[in-house]
Amino acid sequence: MSRLQVVSGKGGTGKTTVAAALALALATEGKRTLLVEVEGRQGIAQLFETETLPYEERKIAVAPGGGEVYALAIDPELALLDYLQMFYKLGGAGRALKKLGAIDFATTVAPGLRDVLLTGKACEAVRRKDKSGRFVYDYVVMDAPPTGRITRFLNVNDEVAGLAKIGPIHNQAQAVMRVLKSPETEVHLVTLLEEMPVQETADGIAELRAARLPVGRIIVNMVRPEVLDAAELDLVRAVPRTAVAQSLSAAGLGGARRGGNAGKLVDPLLAQAEEYAARYALEHDQRAVLGTLDLPLHELPLLAEGMDLAGLYELATELRKQGMS
């Protein structure tokens, strides 16, 4: 696995949940993972049932085997102050600029600057080493923006590098792009087995490949359990209504001819079967579309109990079983 794992996906597909589960999976057996949030939604804090994340790296979980998961919610304004201090040694002047609103103005108005700061902070964590020369983090997982803008988000450093021909901004942009376009990085896309998310995933993959950004894997989230297979669905369609009523009656659910429970249950049961059949056909078709994208495909189950910390560990275990660790 590459050291920088970028997770994107259409809104509503659960990309933040998948990113968190992946961070846990990668931290297994003593590894150390940093989970980075760039959208300011504090979704990671909610998933791990912890307090709001500050702009600092903080341990939030222990993975199986003693590994550790750290988290960082990147604040663009504070990241810009770090940048100004690193390259221009502004110190107190930088803090004064923040009080005057100049920092907020710069991160809001300057084209691409916000995304440069966000990606730059993550890439810095990837490259960082301790005094002994070892990487501080074995992996960095980024909960990235949605599929519709992931390519522009990751590729914005190229645009900045083109504008600034020399100097610290140019060098920073080039350093970031060397990480993002190298084997150190993989961009994973999260989807559901539905038409719009699958189409957006296909479009996102095409854009990433056109920008020469390294596409990793497709992760299908919230997959429902298979209740009936194709042969059983064909049988359901072929069985007469009266036969279903008789079977229900034989099972002790009332007499169909006397208008008992069996007769009342037939129509709802057949309607539910038709709904399931339509869903089954849709999912089958969308799997076929995903299969044409020539990428490894992973599936995570829909958790009946909803998502909580225990569910997050369950998804992490599933990702490990499927080789994402």
For the residue pair [X] and [Y], what are the closest heavy atoms and their distance?
X: V141; Y: A23; value: CG2-CA, 4.0 Å
X: P64; Y: Y313; value: CD-CE2, 4.3 Å
X: F135; Y: V126; value: CD2-O, 3.4 Å
X: A316; Y: A21; value: CB-O, 3.4 Å
X: K121; Y: L72; value: CG-CD2, 4.1 Å
X: V69; Y: A27; value: CG2-CB, 3.8 Å

Non-hydrogen side-chain atoms of [X] and [Y] separated by less than 4.5 Å:
X: I219; Y: M324; answer: yes
X: D203; Y: T147; answer: no
X: L26; Y: M1; answer: yes
X: L24; Y: F48; answer: yes
X: L22; Y: H188; answer: yes
X: E200; Y: T191; answer: no
X: L315; Y: P301; answer: yes
X: E195; Y: Q286; answer: yes

Charged N-O contact under 4.0 Å between [X] and [Y]:
X: R279; Y: E283; result: yes
X: R3; Y: D138; result: no
X: E57; Y: R128; result: yes

With no hydrogens and no angle check, is any side-chain donor or acceptor of [X] less than 3.5 Å from a backbone partner on [Y]?
X: E186; Y: V215; value: no
X: K15; Y: A144; value: yes
X: E49; Y: Q46; value: no
X: S182; Y: E184; value: yes
X: T201; Y: P197; value: yes

Between [atom1] of [X] and [atom2] of [Y], what distance do you get to the nearest 0.5 Å?
X: E318; Y: H298; atom1: CD; atom2: NE2; value: 10.5 Å
X: E51; Y: Q42; atom1: CD; atom2: CD; value: 10.0 Å
X: H284; Y: R287; atom1: NE2; atom2: CZ; value: 9.5 Å
X: T185; Y: M177; atom1: OG1; atom2: CE; value: 9.0 Å
X: L118; Y: D75; atom1: CG; atom2: CG; value: 9.0 Å
X: T119; Y: N155; atom1: OG1; atom2: CG; value: 10.0 Å

Would [X] and [Y] show up in the same hydrophobic cluster when neighbours are defined by side-chain heavy atoms closer than 4.5 Å?
X: V6; Y: V220; answer: yes
X: L180; Y: L34; answer: yes
X: L4; Y: V190; answer: no
X: V18; Y: I218; answer: no
X: L297; Y: L208; answer: yes

Q: Determine, step by step, whether E299 and R224 satisfy the salt bridge (Lys or Arg N to Asp or Glu O under 4.0 Å) criterion, reporting the C-alpha distance in whole Å, the side-chain angles of both residues, the deciding distance to 0.1 Å, and the verdict.
A: CA-CA 10 Å; E299 295 193 4; R224 303 183 187 190; over 6 Å; no

Q) Yes or no on side chain to side chain contact (heavy atoms under 4.5 Å, CB included) for L213 and K181, after CA distance, side-chain angles and deciding distance? A) CA-CA 5 Å; L213 289 162; K181 290 192 173 183; 3.9 Å; yes

Heavy atoms from other residues, nucleotides or ligands near [atom1] of [X] exceed 12 (cutoff 6.0 Å):
X: E56; atom1: CD; result: yes
X: D294; atom1: CG; result: no
X: E226; atom1: CD; result: yes

Q) Given the rule in the side chain to side chain contact (heavy atoms under 4.5 Å, CB included) test, do L319 and S325 qualify, once you have shown the distances and angles that lead to the verdict? A) CA-CA 7 Å; L319 287 172; S325 63; over 6 Å; no

Q | side chain to side chain contact (heavy atoms under 4.5 Å, CB included) between V36 and I74, worked out | A | CA-CA 7 Å; V36 176; I74 303 178; 3.3 Å; yes

Q: Step by step, work out the side chain to side chain donor-acceptor pair (under 3.5 Å) result for R41 and T16.
A: CA-CA 10 Å; R41 296 185 294 107; T16 299; 2.8 Å; yes

Q: Show the numbers, then the answer: is there a side chain to side chain contact (heavy atoms under 4.5 Å, CB included) between K10 and L192?
A: CA-CA 9 Å; K10 178 177 169 58; L192 305 178; over 6 Å; no

